[in-house]
Structure formats: C-alpha cells, structure tokens
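Residue numbers run from 1 in the order of the sequence given. Just follow the structure's listing: the first ligand is 1, and inside any ligand the first atom is 1.
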Amino acid sequence: MNLTTSMMGLRLAHPFVAGASPLGRDLDSCKRLEDGGAAAIVLPSLFEEQVTLAIEGRIRHKDPYDERSAASLRHFPCEHDYAFTPDQYAEHVARVRAAVAVPVLGSLNGTTSESWLTFSRLIEQAGAHAIELNLYEVVADPRMSGAALEHQIVQLAADLHEFLTIPIAIKLSPFFASIGNVVLQIDRAGASAAVLFNRFYQPDIDIEELHTVVDARLSTSDELLLRLRWLAILHGRVKLSLVASGGIATPEDGVKAILAGADAVQVASALLRHGPGYLATLRDGLDAWMQRKNFSTVNEFRGRLSLRDVADPSAFERAHYLRALQSWKLETPAVRQ
Ligand SMILES: Cc1cc2nc3c(=O)[nH]c(=O)nc-3n(C[C@H](O)[C@H](O)[C@H](O)COP(=O)(O)O)c2cc1C
C-alpha cells in the first residue's frame with residue numbers, strides 16, 4: 001500500500017502526525033515519537049505570554065508585579081512553570097530537527113499580531129520545517145464582534161506569512177458563524193494548512209468544594225464528528241491543506257477523516273493514553289483497511305465522502321438534519337408509558 005500524503009507541501013510517509021503535546025517536550029520522547037511511527041512531529045507550543053514576559057516583562061501589556069494588574073494576571077503561570085524559555089525553545093527545535101528524520105513543526109500559541117510574533121523567525125532559523133499557530137482565545141468581552149476577531153486572525157496569518165518563508169498552519173477554533181469563510185480568508189492570507197480544530201478546555205464545577213475544576217481531559221472519538229463535517233464541507237473548496245485534529249482515537253477514526261477530506265491527521269490524546277507506539281497501530285490499521293477495500297493509494301479515497309460534488313452543501317446539511325429528527329422512533333418503554 002502507498003500511504004504517502006502531502007501536508008502543506010511536506011511529503012509524509014503516511015497521514016498520522018504527532019500533534020502538539022507534552023510528548024514533544026524532550027529530545028528522547030521526540031525520538032520515541034519517530035520510532036513509534038510519527039509521519040511528522042508538532043512540538044508543544046511557545047506561548048505569547050511567555051515571550052512577552054521574557055522580552056518585555058509584561059503579559060497582555062501589564063506588569064505582573066504591578067498591584068493593579070495582580071487580579072487579572074494572578075492565574076497565569078510563572079516564567080519557570082513553562083518547559084522552555086523562548087531561547088531554549090529555539091534550541092529545542094534545532095536539537096529535535098537534528099535528531100529525527102521526519103518533518104518537525106514548531107508551534108506558536110497566542111492571540112495578537114504583535115512583537116512576540118517575530119520570534120517565529122528564530123524557530124524558522126532553528127530549522128523547523130513549518131510553524132503551526134494555535135489561536136486559542138475565549139472571547140469573553142461581549143463588545144467584541146465576530147468580524148473583529150476574524151480580522152485579527154486573518155491579520156495574524158498574513159503577518160506570519162510575511163515574516164517567514166516556511167509554510168504556516170493555523171489551528172482554528174470551531175466557534176465561528178461561518179467557519180468556511182474563516183478558512184478561506186486564512187487561505188488567501190497565505191496559510192498553507194488549516195488544522196481543524198482546537199479543543200477548548202472547559203472548566204467543570206465541583207459542587208461539594210464549590211470551586212471550578214480545570215484539567216486537560218483527553219479526547220474520545222465522539223469529538224471527531226464535528227471535524228468530519230467541516231473537512232467534508234471544505235474539501236475541494238480551499239487551496240490549503242486540511243488537517244484533522246481532535247478525537248482521532250482509532251485507525252478507523254483516521255480513515256473517516258481522510259474519507260471526509262483530510263490531507264493529514266494529528267493525534268495527541270491517543271498518544272498520551274497509549275504511548276508513541278500507537279502511531280504504528282494507526283498507520284498499520286489504515287494499511288489493513290486499504291488492503292481490505294482494495295485501495296492502493298490514500299489519494300484514491302481522500303474526500304470520497306466529502307461534499308465537494310454536492311451543489312448546495314447548506315441544503316444538504318439541513319436536509320440531513322430534518323431526516324435525522326424525523327427518523328427518531330419512540331421505542332424505549334419509559335418513553336412510551
Ligand atoms: C496535555 C495536552 C497538552 C497540549 N499542549 C498543546 C500545545 O502546547 N499546543 C497546542 O497547540 N496544542 C496542544 N494540545 C492540543 C493538542 O495538540 C490537540 O490539538 C488536541 O488535544 C486535540 O487532539 P486530540 O483529540 O488528538 O487530543 C495539548 C493537548 C493536551 C491533551
């Protein structure tokens with residue numbers, strides 16, 4: 001079977017990429033990711049707050065030692081809580097790059113198009129094959145419009161494109177009124193890939209202790225369906241590569257993402273759960289499925305279940321929604337009583 005694929009111009013031996021996670025923090029575990037079968041490795045992020053704290057001594061334009069900023073900044077990690085300083089991050093990129101043969105992507109995580117972004121050049125100079133920009137932001141200010149946020153995101157993509165010669169992937173949130181339009185805009189701004197989607201860490205509430213509980217829960221396959229929808233809608237309608245991220249827990253999930261239109265598939269939770277060797281399980285599972293279905297290349301079935309040839313995808317989605325509701329049968333005894 002020929003499992004090769006192309007993601008943002010990078011040739012990959014197969015579609016399964018190690019997504020940004022703590023597994024990319026040290027050289028040893030990066031080697032384990034490669035040995036485990038990763039087609040490429042996305043390193044964990046360098047955060048905007050880290051860079052502005054190291055360079056300007058400020059977070060979100062505020063001095064953490066100023067009493068007036070204390071309330072809004074007290075929840076941020078301290079400088080030494082991060083795995084790397086910004087300079088160490090660039091060194092890490094260079095060391096990983098030298099130690100593994102697969103493509104290595106640096107990752108930036110932030111929300112503004114400001115000076116910290118110039119740091120991306122150091123990551124490029126350190127040898128990263130590409131950069132992924134994670135735009136994690138919960139817009140809690142009700143006065144901020146969706147249009148203003150989208151403008152900011154597109155500007156970030158355009159600025160990064162101007163700074164760098166290596167390809168840029170943008171990891172997006174699914175929470176836009178028109179996701180397709182945002183992807184189209186970042187495509188036009190010069191991004192080479194859209195990573196669909198970011199996962200939002202949602203605090204729970206402990207009703208005994210009366211406090212909020214914040215933790216990074218690992219995903220399950222349930223989260224994949226949202227990704228499948230947008231991969232299917234966007235496949236064939238944008239120039240950039242489409243990368244699935246979120247809820248790839250089994251080889252079958254990877255097959256589904258490619259059938260929907262993914263060029264590559266990132267995995268984080270499944271690797272934290274089963275270890276780097278799970279990448280080989282994913283790859284071999286894809287290989288076995290292709291043999292069973294008589295496909296000899298990934299291109300033969302990529303996007304086979306996308307909406308590329310559907311004239312009006314919105315009508316298609318609406319029709320399926322109506323059919324799903326109408327097909328519900330009131331069969332469980334409790335409901336019939
Ligand atoms: C513990 C943990 C750490 C993560 N760190 C990062 C990070 O540094 N940068 C980033 O862009 N995404 C990070 N992610 C998000 C993953 O890269 C991925 O987008 C998300 O978990 C969805 O994929 P999954 O369902 O395969 O886990 C992290 C996820 C987990 C669980």
Colleague: Check ring-ring contact (aromatic ring centres under 6.0 Å, His included) between Tyr136 and all other residues, then give those that pass, not counting sequence neighbours.
Modeller: Phe200
Colleague: For ligand 1, which atoms have a heavy atom of Pro44 less than 4.0 angstrom away?
Modeller: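 Every atom of ligand 1 under 4.0 Å from some heavy atom of Pro44: 8 (O).
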Colleague: Among all protein heavy atoms, pick the one closest to atom 10 (C) of ligand 1 and tell me residue, atom and distance.
Modeller: Asn134 ND2, 3.3 Å
Colleague: Between ligand 1 and Asn198, is the shortest N or O to N or O distance under 3.5 Å?
Modeller: no
Colleague: Kindly indicate, with the supporting measurements, whether the criterion ring pair (Phe, Tyr, Trp, His ring centres under 6.0 Å) is fulfilled by Phe301 and Trp289.
Modeller: CA-CA 11 Å; Phe301 66 94; Trp289 178 84; 4.9 Å; yes
Colleague: Note the single closest protein heavy atom to atom 21 (O) of ligand 1, along with its residue, its atom name and the distance in Å.
Modeller: Tyr201 OH, 3.7 Å
Colleague: So is Lys171 polar-close to ligand 1, meaning N/O to N/O under 3.5 Å?
Modeller: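 Yes, Lys171 has an N/O under 3.5 Å of an N/O on ligand 1.
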Colleague: Quick one: does any side-chain atom of Ser192 pair with a main-chain N or O of Pro167 as donor and acceptor, under 3.5 Å?
Modeller: no
Colleague: Please state which protein non-hydrogen atom is closest to atom 27 (O) of ligand 1 and give its distance, to 0.1 Å?
Modeller: Ser269 OG, 2.5 Å
Colleague: Taking a cutoff of less than 4.0 Å between a non-hydrogen atom of the residue and any ligand atom, is Ser245 in contact with ligand 1?
Modeller: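 Judged by the 4.0 Å heavy-atom criterion, Ser245 does count as contacting ligand 1.
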Colleague: Using heavy-atom distances, let me know which of Ala249, Ala18, Ala20 sits nearest atom 4 (C) of ligand 1.
Modeller: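 Considering heavy atoms of Ala249, Ala18, Ala20, the nearest to atom 4 (C) of ligand 1 sits in Ala20.
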Colleague: Which residue owns the protein heavy atom closest to atom 20 (C) of ligand 1, what's the atom, and how far is it?
Modeller: Arg199 CD, 3.9 Å
Colleague: Please list, in number order, the atoms of ligand 1 under 4.0 Å from a heavy atom of Val267.
Modeller: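 Heavy-atom distances to Val267 below 4.0 Å select 26 (O).
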Colleague: Have a look at Pro22, Ser107, Ala244 and point out the one with the heavy atom closest to atom 1 (C) of ligand 1.
Modeller: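 Among Pro22, Ser107, Ala244, the closest heavy atom to atom 1 (C) of ligand 1 comes from Pro22.
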Colleague: Is the closest N or O pair between Ala268 and ligand 1 shorter than 3.5 Å?
Modeller: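 N/O-N/O distance under 3.5 Å: yes.
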Colleague: Would you say CZ of Arg237 has more than 12 non-hydrogen atoms from neighbouring residues, nucleotides or ligands within 6.0 angstrom?
Modeller: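 Yes - once you tally the heavy atoms of other residues, nucleotides and ligands closer than 6.0 Å, there are more than 12.
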Colleague: Donor-acceptor pair, Glu124 side chain versus Ile166 backbone, under 3.5 Å?
Modeller: yes
Colleague: Using a 4.0 Å cut-off to any heavy atom of Ser219, which atoms of ligand 1 qualify?
Modeller: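 In order of numbering, the contacting atoms are 24 (P), 25 (O), 27 (O).
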Colleague: Hey, does Phe47 come in under 3.5 Å of ligand 1, counting only N/O atoms on both sides?
Modeller: no
Colleague: Checking contacts here: is it the side chain or the backbone of Leu272 that comes within 4.0 Å of ligand 1, counting heavy atoms only? Could be both or neither.
Modeller: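 Answer for Leu272: side chain.
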Colleague: Using a 3.5 Å distance criterion without hydrogens, assess whether the side chain of Glu132 forms a donor-acceptor pair with backbone atoms of Ile170.
Modeller: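 Such a contact is absent between Glu132 side chain and Ile170 backbone.
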Colleague: Considering non-hydrogen atoms of the protein only, which is the closest contact for atom 8 (O) of ligand 1, and what is the distance?
Modeller: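 Checking every protein heavy atom, the shortest distance to atom 8 (O) of ligand 1 gives Ser45 N, 3.0 Å.
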